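Down below is the structure, laid out as structure tokens.
Below, read A as the first sequence line, B as the second, and so on, with proteins coming before strands; counting in each chain starts at 1. On a predicted model such as this, the values are computed, not experimentally measured, just so you know.
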Amino acid sequence: MTKPGAEHAAAGGAPESPDRSEHKNFIRDIIDQDLKTGKFAGRVHTRFPPEPNGYLHIGHAKSICLNFGLARDYKGLCNLRFDDTNPAREEVEYVESIMNDVRWLGFDWGDRLFYASDYFEQLFQFALRLIGTGKAYVCDLDADQVREFRGTLTEPGKDSPFRGRPVEENLDLFRRMRNGEFPDGSRTLRAKIDMASPNLNMRDPVMYRILRATHHRTGDTWCIYPMYDWAHGQCDSIETVTHSICTLEFTDHRPLYDWFLDALGIYRSQQIEFARLNLTYTVMSKRKLLQLVQDGRVTGWDDARMPTISGLRRRGYTPEAIRNFADRIGVARNESTSDVALLEDCLRDDLNKRAPRVMAVLRPLRLVIENYDDAGLEELDAVNNPEDHSKGVRKVPFSRVLYIERDDFRENPPKKYFRLSPGGEVRLRYAYIIKCVRVVKDKATGEVIEVRCTYDPGSKSGMQQSGRRVKGTIHWVSAAHALEAEVRLYDRLFTVEDPGGENWKELVSPHSLEVLKGCKVEPGLARVQAQDRMQFERLGYFCVDDESREGALVFNRAVTLRDSWAKIERQ
RNA sequence: UGCCCCGUCGUCUAAUGGCAAGACGGCAGACUCUGGAUCUGCUUAUCGAGGUUCGAAUCCUUGCGGGGCAGCCA
């Protein structure tokens, strides 16, 4: 291996330009139609509008791929806009992680980075306009009273006693709200719509609340903050977004957004709702993810078991795999739960083509080849990637004492077991056929601690040995040359497909992480870098963890290989 | 029991009034110096009832089922 590390970075480099989507969906149909009718003069302009109050997860990735993908495929634009209207929950840490994740996924917002807070003054002026036309009023009801007056799902609400306030008084009060003359929560600005509307969003929704909190961008400039429902449509309008794509729960809010836009008489984007992503064996709500972090059930937002972008990245997922997944699950208005097996398949599909192969023994069992020269040493050729021969071959050292996988030896082999057992033969990958002649056991426990074998010198890989074939091939590492490593085996975070419900925390899988120490890996791995991905032959795809150091290697298992033996054995 | 949204293989998505298709999963086999990859085959679906139509997964009515909405959250 000429340049260790460099070669293994093959599957971890800078994101390639995202491919065009092959699939159509109802949103593309709408856009095609709009293009045909000239609704937006041929423009396609989308936006991804996260609130910086948590880390992005795979569900956001679906939205990112959708919005940026549309812009890419229709030669349009996609903005990144932070919906930062609630300073009580938002932090710059989240802003930074979000930008990092979007970039890592392979998307570029160019010079179109925006914040709802960029428009606070404009929004204030818009509000003044609505007050001026009698379409908004200052309300002195407190939060509890507002709730009482709102009515219920089946009963209409009642008008606020402040609903009839004269325009001049509203203007004055609203300016004084901004000036900080009233305490938090004492007053709100409300839209004057219809307290009897069957759509609760239309029952005089709050536009502004008084809230003294330091905003991550505007500091203490403001003590009133716009509600999302008031801000969002106008932000889209200001940015001349054509197709404002959001999740299903905002369907009922669309009439409100349209009401604001009409009342203001400004440009109107077309809102289109789609079903958010759900995934089996995990949770997706930010609230629950935050709890997992706070309860210490995971090590952080970027724990490799988390469905966050940063977690998936740490786990070893590639941007390409995630983008492909987003493409393959499609987009619809159907509430659905995608199978995590599809996500895993996307990763295997990507890494199979790109990840270098390497030999690593996770649970070492000592194997001695009795008829191999004590001082013997060979450098054997091993293929770096059978799917891509341009990646060449490397040398791996072979000697008398090796480690093999404990799983690859059975003293009493079950039927259809193709690996090593007493008296049986097996091929050592890229080396010789060996035969097990006896085992050495721990006298106290009876556990097999060493396997003694003989090898067939004429069976070396590459030689044309007449008709010599054995059923199994196993991987190995030369004991004297092996590097020690820690390997973290990850499994699904939850034990059940749908960990919804009240007791979801008890469903966290105790097997979601297994840490293995004293693993043996081939010497070429000495100088791998964090994020390098590779296949450990016959085991799975692994990724160098951020905590890995030269001399203290740490690998994460991203996903296992398909294992048809495991299926047989389960039966 | 108000308003809104949604019901197609086990799962996800197509079929845009004209042969219900693909992917994942599952099962079986071929091949294999990774029980990997690859290849082949099989498996299984239009929620029900009416209506419109030569023809309905698609349009209409209705029933049933699932989901969302009563934050000064987004």
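Of the listed nucleotides (B/rU34, B/rC5, B/rA74), B/rA74 has the atom at the smallest distance from the side chain of A/Thr85. With B/rC73, B/rU1, B/rU11 as the candidates, the nucleotide lying closest to the side chain of A/Thr154 is B/rU1. Residue A/Leu561 places its side chain closer to B/rG36 than to any other of B/rC5, B/rG36, B/rG25. The side chain of A/Arg150 approaches B/rC72 more closely than any other nucleotide in the set B/rG10, B/rG26, B/rC72. Considering only side-chain atoms of A/Asp563, the nucleotide from B/rG35, B/rG71, B/rU34 that sits closest is B/rG35. Distance from the side chain of A/Asp345 is smallest to B/rC24 among B/rU13, B/rC24, B/rU34.
Checking the phosphate oxygens (OP1, OP2) of B/rG36, a side-chain nitrogen or oxygen of A/Ser564 falls inside 4.0 Å. Taking only side-chain nitrogens and oxygens, A/Arg469 comes nearer than 4.0 Å to OP1 or OP2 of B/rU32.
A distance of about 43 Å separates the P atoms of B/rA57 and B/rC31, rounded to the whole Å.
With no hydrogens or angles considered, no side-chain donor-acceptor pair links A/Ser237 and A/Gln234 at under 3.5 Å. Inspection of the A/Asn53 and A/Glu90 side chains reveals no N or O donor paired with an N or O acceptor under 3.5 Å. Side-chain atoms of A/Ser197 and A/Asn199 include no donor-acceptor pair closer than 3.5 Å. Between the side chains of A/Tyr137 and A/Asp204, at least one donor N or O lies within less than 3.5 Å of an accepting N or O.
Along RNA chain B, the nucleotide closest to A/Thr188 and the one closest to A/Lys24 are compared, and the more 5′ of them pairs with A/Lys24.
Taking the syn range as angles within 90° of 0, the glycosidic angle of B/rG17 is outside it, so the base is anti.
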